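Quick caveat, the model's predicted, so the values are computed rather than measured. Each chain gets a letter, A, B and so on, in the order the sequences are listed, and its residues count up from 1. Just the heavy atoms: all of them, side chains too, but no hydrogens, waters or symmetry mates, feed the values below.
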There are 2 protein chains.
Amino acid sequence: MIPPRNADHRRPLTLRDVSEACGVSEMTVSRVLRNREDVSPATREKVLASARALGYVPNKIAGGLASQQVNLVAVIVPSLSNMVFPEVLGGISAALEDSGLQPVFGVTQYSVEKEENVLYEMLSWRPTGVILAGLEHTDAARAMLENAGIPIIEIMDSDGEPIDSVVGISHRGAGRQMAEAIVKAGYRKIGFLGTKMTDDHRARKRLEGLTEGLAEHGIELVDTEFYSGGSALKKGRELTEAILTRNPDLDFLYYSNDMIGAGGLLYCLEKGYDIPGKLGLAGFNGTDFLDGLPMKLATIDACRREIGEKAANIIAGKGYDDGVIGGHRIELTPRLDPGDTIRR
Amino acid sequence: MIPPRNADHRRPLTLRDVSEACGVSEMTVSRVLRNREDVSPATREKVLASARALGYVPNKIAGGLASQQVNLVAVIVPSLSNMVFPEVLGGISAALEDSGLQPVFGVTQYSVEKEENVLYEMLSWRPTGVILAGLEHTDAARAMLENAGIPIIEIMDSDGEPIDSVVGISHRGAGRQMAEAIVKAGYRKIGFLGTKMTDDHRARKRLEGLTEGLAEHGIELVDTEFYSGGSALKKGRELTEAILTRNPDLDFLYYSNDMIGAGGLLYCLEKGYDIPGKLGLAGFNGTDFLDGLPMKLATIDACRREIGEKAANIIAGKGYDDGVIGGHRIELTPRLDPGDTIRR
DNA sequence: GTGAAAGCGCTAACAT
DNA sequence: ATGTTAGCGCTTTCAC
């Protein structure tokens, strides 16, 4: 075993060390390091030189306690392995870039109990605001959010009552929109394939929307097929094979996300199905890294990046010059891209 | 505009509030809330009841300052949109699950300057340890890491000298390993396709390893093709078409990641290339969500999740009962999966 | 433009 | 098992 090189337990540097090194009061050093204007250029240079030379890194724990302000934004999402949420986080990071605020991410694995724990942890850091996915929370989490006294932005989903602000799309609406498109294109025997959605409320709402939308045209879903875990692409193939074997006369398959839709598409192409002629397909999310498949899968864009940006901007107070931080309701309109897999 | 519901600027609750509510000293309340054993069950219940009733959330800023310990682990990665890093983060989160430590993520967008900034931000929160991708940093970042006095784990790449500990694979070795497999399978005219790798040192090292490995058999790369941005699947198609048009006699294409490899594979299948007979293909990462493509692309597993777990375990002190935290060197051996796209 | 004093909310260390 | 005291490293406030 190589001996530890970094196990020195030297006391970290403090303002006092910098102060002594440059012969300026701690207070003035603090001013310089916070880029305040009321310091003479001469002292400023002296201080910065010492700080750099020593390798001083300010202690935000102490700073936060003294100033009662912490420039963190808590961001809580169900998963990172989904490709959906990394894009939301990208939007948030970009929007917060020059705001002086820093996002901190937490993951719930689609469990409201885990969400409650993560939230408790994060609130204990006294963040400037909270962004979290969805409108469904435990009672305790809801209470914490209501009492936090900071902006709370619920994102992704606008089907329900937010605690404070909400930025999202109507997943029920997306389901209905897809139902309209399917019916208008002349498909009649429709199957649904998706995740087991005990805790994925948005997928559930899309299915509900689809069902309602079809019902208005007197159409009922013929069959459904659910999965959990595993490679989505592969699962898409398997589910598709299963549902088409059971119901050879299906003429449309609606997938709860683009990845399983892509798997289904590959399967159907291999089997020689006439797409979109005899069989139509659609997914959800507008996953652009799937561009490059043999055909472009029909999908509805979930506006992931934009949702992240808008939510972050509310907390950063950007673009909302009414000065009001709380109580925003931003419902984005997702665009349906028929791609190559819905006939026209 | 809906009026703000959450804009009340009530003073957040303090230990004192809980203390007064239950008639127990602040100190004892603090003990209860930190789950310390030296409190009688009766007082414990009384305190917990009050804390819950009030909705008290501890202030870790103050706690961290007083105790001089912060249960955060800073994790710094180049990107979240890559699918590689979310898996590493998953491994880290899982390993830290019951350690009382919490990961905090930062993103550098493959820029060492940005890395330096993010690092400065994170170190100012006085984390328990730092996990960051790669061995290449600015001098200033290196100095900060060396002076931080906490465990520093550089991950993903073991080709070089770590500051403290390292957990990764040799990308140069992975390149050589692939070269061996390619030559052994009888391919001779090899092309490389990948990202413009000014700042992606690991991709660069893989290419170097490949070149060296081929050179040992007297083989030179015939051609290379680079891209940046855009849908990787689509780029894979475009690059493949370009390189095969220029060099119709190529018999192997090595891609710097599985996504562009998948795009290339789909392209070649459509064009009717004989794979793996006349043309072999390979990628890198062991991206399992690509299971479900018409053929399984040859690849080398980057051990992403395992790297995350091992790095986190070092900081959590788990599984390293020599009591030493610093100076670990863990080099994992990536497995080559020939899939269906290298002939045997 | 600069400095001195007080205190942010909690916990370590020491009493009891 | 519980309470008291001091102080973590910074910033706010006020004085100069």
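- In this structure, E45(B) atom CD and dA1(D) atom P are separated by 15 Å, rounded to whole Å.
- Between T28(B) and dT2(D), a side-chain N or O to OP1/OP2 separation shorter than 4.0 Å is absent.
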Sequence-aligned protein contact record of nucleotides 8-16 of chain D, with B where the base is within under 4.0 Å of a protein heavy atom and S where only the sugar-phosphate is: BBBBBB---

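- Remark: E146(A) CD to H137(A) NE2 distance equals 10.0 Å, nearest 0.5 Å.
- Of the inter-residue distances, the one linking I163(A) atom CD1 with L135(A) atom CG reads 8.0 Å to the nearest 0.5 angstrom.
- Between V73(B) and L96(B) there is a side-chain heavy-atom pair separated by less than 4.5 Å.
- The distance from the CG atom of D164(B) to the NE2 atom of H328(B) is 8.5 Å, given to the nearest 0.5 Å.
- Comment: E97(B) engages K114(A) in a salt bridge, judged by a side-chain N to carboxylate O separation of less than 4.0 angstrom.
- A close approach under 4.0 Å does occur between a side-chain nitrogen or oxygen of T43(B) and OP1 or OP2 of dT2(D).
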